[in-house]
Amino acid sequence: MKPATDSDTEPDIEPIYDMVVVSNRLPVDYVGGEGADTQWKASPGGLVTALEPVMRANEGAWVGWAGVADREFAPFEHDGISIVPVPLSEQEIEEYYEGFSNDTLWPLYHDVIAPPSFHREWWEAYVAVNRRFAEAAAAAAAEGAVVWVQDYQLQLVPRMLREARPDLVIGFFNHIPFPAYGIYSQLPWRRQVVEGLLGADVIGFQRAADAGNFSRAVRRLFGYKTRGTVVDVPGDDGAVRHVVARHFPISIDAAAFEELARMPEVQERARAIRRSLGDPDVVMLGVDRLDYTKGIRHRMKAFGELLRDGRLSVEHATLVQVASPSRERVETYRQLRDEIELMVGRLNGDYSTLGHPAITYLHHGYPRQEMAALYLAADVMLVTALRDGMNLVAKEYVASRYDDDGVLLLSEFTGASDELRQAILVNPHDIEGLKDAMVEATKLSKRERARRMRVLRKRVKENDVANWSATFLETLTGVGKIAPGVPDGLRSAVAKLAEAPRLLVALDFDGTLAPIVDRPEDARSTTQARAAIERMSEHEDTRVALVSGRALDSLKEVASPPVAALLSGSHGVELQLDSGGDVTIDLREGELTRLEQLIEIVEQAASAADGAWVERKPAGIALHTRKLGAGAGAALQRSARELVEQELPGLATRSGKNVLEFAVRASDKGEALLRLRQHAGADAVIYVGDDVTDEDAFAVLEGVDVGVKVGQGKSLAAYRLNGPDDVAELLELLADARDAAR
Ligand code: GDG
């Protein structure tokens with residue numbers, strides 16, 4: 001295969017995804033095979049669990065590396081999520097991943113526990129690979145989409161994305177700590193990295209302290225103003241962009257862990273584990289990736305000294321250490337493994353007796369179920385990290401202990417220690433203190449264990465991973481600020497609007513008046529909205545307009561608009577200004593010919609794919625791919641687009657969710673609204689819509705006009721509502737106010 005270079009970055013994907021996650025690794029691993037026989041296996045990490053529901057609900061795409069060098073894969077669909085693989089060459093894996101990410105940034109961000117290496121060629125590879133990820137994300141993201149970039153390997157992506165696609169809403173989450181400026185400032189590329197991050201709208205960290213360190217770095221390096229969690233970033237045009245930098249502590253799927261732990265076979269396995277260890281009184285457990293940040297040596301040193309001093313004995317207490325293999329090609333990690341294995345050998349040689357191991361050391365990865373059994377088998381969980389963004393193991397242990405038993409010993413240098421205050425908190429550098437805490441943990445009464453564990457469990461259940469992603473995305477998209485009902489600000493704006501002598505009430509249909517349904521022909525306005533519209537239409541000085549992307553005929557069919565309503569269909573191409581009157585669209589000769597050709601090309605392309613259907617519109621055609629699934633749908637859209645471009649270059653295209661439209665005459669809802677306003681002679685306009693195409697209409701509002709965006713997503717509208725029910729309430733308020741004003 002040809003090596004991945006900067007030039008072959010044209011990803012084979014349509015910009016149709018409203019939600020795009022970008023992370024170094026994909027949620028699937030390449031297993032083997034070629035072409036159609038390529039096999040993939042889900043790699044169920046915490047992030048996948050957290051984002052799966054969001055991704056499915058939004059038909060999202062996931063951009064990342066497949067975990068194998070020098071291979072290119074076309075985008076595909078896996079379990080309802082569209083996967084967009086980004087290729088990495090062997091050299092890039094060495095320089096960008098093992099080098100700059102894991103041997104420069106990782107040690108630097110973990111308070112230089114190990115010395116970071118700085119190499120200029122690693123930095124160059126980091127820049128090049130970040131650019132490739134940014135390009136892939138830009139290619140997949142629909143207009144106004146939300147793109148959520150994950151972790152320290154991709155810190156330059158937010159800015160690169162913003163430069164390419166200013167329309168996007170960009171979030172970034174840093175899973176590891178962000179160090180104090182004194183340490184961060186060692187990085188030769190410290191300005192570029194902060195600039196990279198500031199391309200995001202929201203930058204998330206694990207702890208408040210991390211967010212504070214970041215804000216300080218911004219002030220020191222650029223002198224930008226920061227107020228609380230907001231950074232003011234000046235743009236080239238003098239305008240200021242507000243970037244939020246704050247903490248969003250990550251968590252786990254607590255219910256899933258509890259469910260695992262409650263399985264009878266897991267409990268039986270937990271008992272078997274204890275028996276195999278010689279049934280000691282106390283099982284201590286450590287579970288970590290084999291990483292120098294995790295404090296594995298400190299914990300073993302403390303345990304060894306307790307055995308040496310006779311404060312613990314192997315008949316009474318044993319230590320199980322799972323150290324799952326990690327980054328084995330990085331030299332520091334090889335050395336660490338040697339050191340730990342030497343220590344384990346020594347301690348076991350010195351203290352184990354037949355049938356009573358001092359330390360059971362396991363250099364393996366285990367299935368989740370086995371992890372749950374280990375958690376259940378452990379009386380004391382040792383989390384002694386020297387620095388850790390969060391530490392999910394601590395939370396998994398707590399979630400598994402539905403029996404309210406077990407003791408968590410937790411380093412205060414983990415993010416988790418901010419929340420899990422009822423753990424026995426330790427400073428792992430203080431070996432004497434650590435030893436005392438370990439002995440204390442073995443001596444806690446059952447009652448005290450239960451008291452602490454109940455509080456810990458409550459905390460982990462309340463802030464689970466679904467909560468984490470929802471909170472982050474709410475902050476990012478502004479949806480969190482949409483309270484149910486009509487907000488006060490909008491109420492007063494409506495009161496003012498109602499005083500206008502002539503008012504135009506312009507409304508999108510699908511998703512605004514009518515809830516979104518599977519079959520477009522089944523869409524209907526809410527009863528309440530219809531009633532309010534009818535009331536307003538009775539007054540000659542209030543004109544109601546429906547402004548839709550649907551063809552006018554289809555709009556009339558589903559909306560049954562009042563006789564007096566003005567109608568705009570096909571994104572403004574069709575206008576009906578008098579009931580029963582002529583639709584103002586007369587295609588010129590050339591346009592008619594092009595339309596016929598267009599219909600032929602698209603219908604032929606669609607006939608090749610089962611489930612695709614085309615909708616003829618007066619000045620264009622829409623290709624619907626919803627029933628094909630995202631992967632096949634995108635492929636069909638791609639081929640249709642290519643065919644049309646070849647045969648009829650220069651046609652207006654518009655891609656929406658599962659639909660690709662071509663038109664022989666370009667128009668949009670903004671142009672439609674200007675015509676409608678003029679026709680109605682309106683002094684003021686209110687426009688309500690939920691779609692990206694409604695943004696063209698919001699863009700032409702002025703003065704006292706009111707724009708209301710329904711649902712999440714970036715918008716020019718000044719107000720927001722949750723959905724059609726709240727739109728109905730708004731229209732009722734408006735109808736009342738209009739009645740009262742006369
Ligand atoms: C980074 C940050 C932050 C481990 N061994 C096995 C296994 N694991 C699972 C654990 C846990 C996860 O891996 C490890 O998560 P941690 O949070 O403990 O640590 P990092 O890998 O360093 O993760 C960290 C995290 O990102 C999330 O933001 O908390 O601070 O460093 O879920 O259970 N899972 C299985 N077999 C193993 O052998 N199945």
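Residues: numbered from 1 along the sequence shown. We count ligands from 1, going down the list as the structure has it; atoms in each ligand are counted the same way.
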Between [X] and ligand 1, does any nitrogen or oxygen pair lie at a separation below 3.5 Å?
| X | answer |
| --- | --- |
| His110 | no |
| Trp106 | no |
| Pro367 | no |

Near-ring test [Y]/[X], centroid separation under 6.0 angstrom:
| X | Y | value |
| --- | --- | --- |
| Tyr96 | Trp122 | no |
| Phe100 | Trp189 | yes |
| Phe178 | Tyr109 | yes |
| His119 | Trp123 | no |

Within reach of ligand 1, part of [X] (heavy-atom separation under 4.0 Å):
| X | result |
| --- | --- |
| Asp388 | both |
| Trp468 | neither |
| Arg289 | side chain |

>> Between Met263 and Gln369, is there a side-chain heavy-atom distance shorter than 4.5 Å?
In response: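 Of all side-chain heavy-atom pairs linking Met263 with Gln369, at least one is under 4.5 Å.
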> Out of Val287, Asp388, Val398, which one pairs with Val393 under the side chain to side chain contact (heavy atoms under 4.5 Å, CB included) rule?
Replying inline: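 Among Val287, Asp388, Val398, the one meeting side chain to side chain contact (heavy atoms under 4.5 Å, CB included) with Val393 is Val287.
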>> Within the 3.5 Å criterion, strictly below it, is a donor on Asp430 or Asn427 matched to an acceptor on the partner's side chain?
In response: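 No donor-acceptor contact under 3.5 Å links the two side chains.
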> With a 3.5 Å cut-off and no angle check, do the side chains of Arg220 and Tyr181 form a donor-acceptor pair?
Replying inline: no
>> As a check for students: among His175, Met390, Arg368, Met371, identify the option with a heavy atom nearest to atom 7 (C) of ligand 1.
In response: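 It is Met371 whose heavy atom sits nearest to atom 7 (C) of ligand 1.
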>> As a check for students: among Gln206, Lys294, Gln150, identify the option with a heavy atom nearest to atom 3 (C) of ligand 1.
In response: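 Considering heavy atoms of Gln206, Lys294, Gln150, the nearest to atom 3 (C) of ligand 1 sits in Gln206.
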Please could you name the atoms of ligand 1 that [X] approaches to less than 4.0 Å, counting only its heavy atoms?
| X | result |
| --- | --- |
| Gly389 | 30 (O) |
| Gly365 | 37 (C), 38 (O) |
| Glu396 | 10 (C), 11 (C), 32 (O), 33 (O) |
| His364 | 38 (O) |
| Val393 | 10 (C), 18 (O) |

> With no hydrogens and no angle check, is any side-chain donor or acceptor of Ser400 less than 3.5 Å from a backbone partner on Tyr375?
Replying inline: no
